[in-house]
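Working notes for the structure below.
Note that the numbering runs from 1 along the sequence shown for the chain. Just so you know, these numbers come straight off a predicted model, no measurement behind them.
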Amino acid sequence: HRVDRRQRQMCIRDRINNGQLEEVYQAYKIYEITYQKISSDLQGNQAKLEKINTILDTELKGILTEEQFDRYIALYRTNQ
């Protein structure tokens with residue numbers, strides 16, 4: 001089906017640029033290293049999990065546009 005010009009522009013504007021991509025990669029890399037350390041006992045490490053999630057969210061909020069960050073929250077943090 002045909003996507004109108006305005007929708008296409010919105011999609012392009014919301015795409016992540018290369019600089020953002022590298023920063024997001026580095027933020028997730030740090031998150032993943034810490035997550036692996038606590039993943040064997042997530043119930044017992046609930047406070048640590050919440051802390052690293054908050055740190056990741058804060059990092060991503062500084063990297064992404066408001067629209068991108070809102071989409072991230074909707075996809076990954078809603079109904080956890």
Side-chain angles (χ1 to χ4, degrees):
H1 70 50
R2 185 171 175 244
V3 177
D4 72 26
R5 183 176 154 191
R6 182 181 170 123
Q7 288 175 317
R8 191 175 27 216
Q9 286 174 338
M10 289 175 68
C11 289
I12 291 169
R13 189 176 346 135
D14 288 343
R15 288 186 184 160
I16 196 164
N17 67 42
N18 286 339
Q20 287 175 306
L21 184 61
E22 180 61 27
E23 290 181 72
V24 168
Y25 172 77
Q26 292 301 325
Y28 265 102
K29 184 177 172 183
I30 293 167
Y31 174 88
E32 184 63 27
I33 290 167
T34 307
Y35 182 87
Q36 289 300 319
K37 292 177 183 178
I38 66 170
S39 65
S40 63
D41 182 18
L42 289 178
Q43 293 290 4
N45 289 311
Q46 191 62 39
K48 289 180 183 178
L49 179 61
E50 289 175 15
K51 182 177 179 179
I52 66 170
N53 284 342
T54 300
I55 291 169
L56 177 64
D57 292 350
T58 302
E59 288 288 321
L60 293 179
K61 188 171 186 171
I63 297 167
L64 301 172
T65 65
E66 185 177 348
E67 293 85 6
Q68 291 167 333
F69 183 73
D70 289 345
R71 189 175 311 145
Y72 158 77
I73 291 295
L75 290 171
Y76 296 103
R77 295 289 183 237
T78 306
N79 298 324
Q80 276 197 344

**OP:** Just jot down the ring pair (Phe, Tyr, Trp, His ring centres under 6.0 Å) partners of F69, sequence neighbours excluded, or say none.
**Re:** Y72
Between atom [atom1] of [X] and atom [atom2] of [Y], what is the distance when rounded to the nearest 0.5 Å?
X   : Y   : atom1 : atom2 : result
I63 : E23 : CD1   : CD    : 4.5 Å
L60 : R77 : CG    : CZ    : 8.0 Å
D70 : E67 : CG    : CD    : 7.0 Å
I33 : Y28 : CD1   : OH    : 14.5 Å
I52 : Y31 : CD1   : OH    : 4.5 Å
L21 : N17 : CG    : CG    : 8.5 Å

Original post:
Same cluster for V24 and I55 if Ile/Leu/Val/Met/Phe/Trp/Tyr side chains link at under 4.5 Å?
Top reply: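 No; I55 is not reachable from V24 via cluster members.
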Subject >> Test side chain to side chain contact (heavy atoms under 4.5 Å, CB included) applied to E22 - qualifying residues, sequence neighbours left out >> reply: Y25, Q26
Original post:
Where do I38 and N45 come nearest, in terms of heavy atoms and distance?
Top reply: O-ND2, 3.3 Å
Original post:
Is there a donor-acceptor pair under 3.5 Å between the side chain of E59 and the backbone N or O of A27?
Top reply: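 Absent.
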Original post:
Can you tell me if Q46 uses its side chain to pair, donor with acceptor, with the backbone of Q43 under 3.5 Å?
Top reply: no
Original post:
Would you say L56 and Y35 make side-chain contact, with heavy atoms under 4.5 Å?
Top reply: no
**OP:** Name all pairs fulfilling the salt bridge (charged side-chain N to carboxylate O under 4.0 Å, His left out) condition that reach into residues 30-50, sequence neighbours left out, sorted by first residue then second.
**Re:** none
**OP:** Answer yes or no: does atom CD of E66 have more than 12 heavy-atom neighbours from other residues, nucleotides or ligands under 6.0 Å?
**Re:**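 Check fails, neighbour count at 12 or below.
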Original post:
Is it the case that more than 12 heavy atoms not belonging to N18 sit under 6.0 Å from its CG atom?
Top reply: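 Check fails, neighbour count at 12 or below.
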Original post:
Can Y76 and D57 be said to form a side chain to side chain donor-acceptor pair (under 3.5 Å), step by step?
Top reply: CA-CA 10 Å; Y76 296 103; D57 292 350; over 6 Å; no
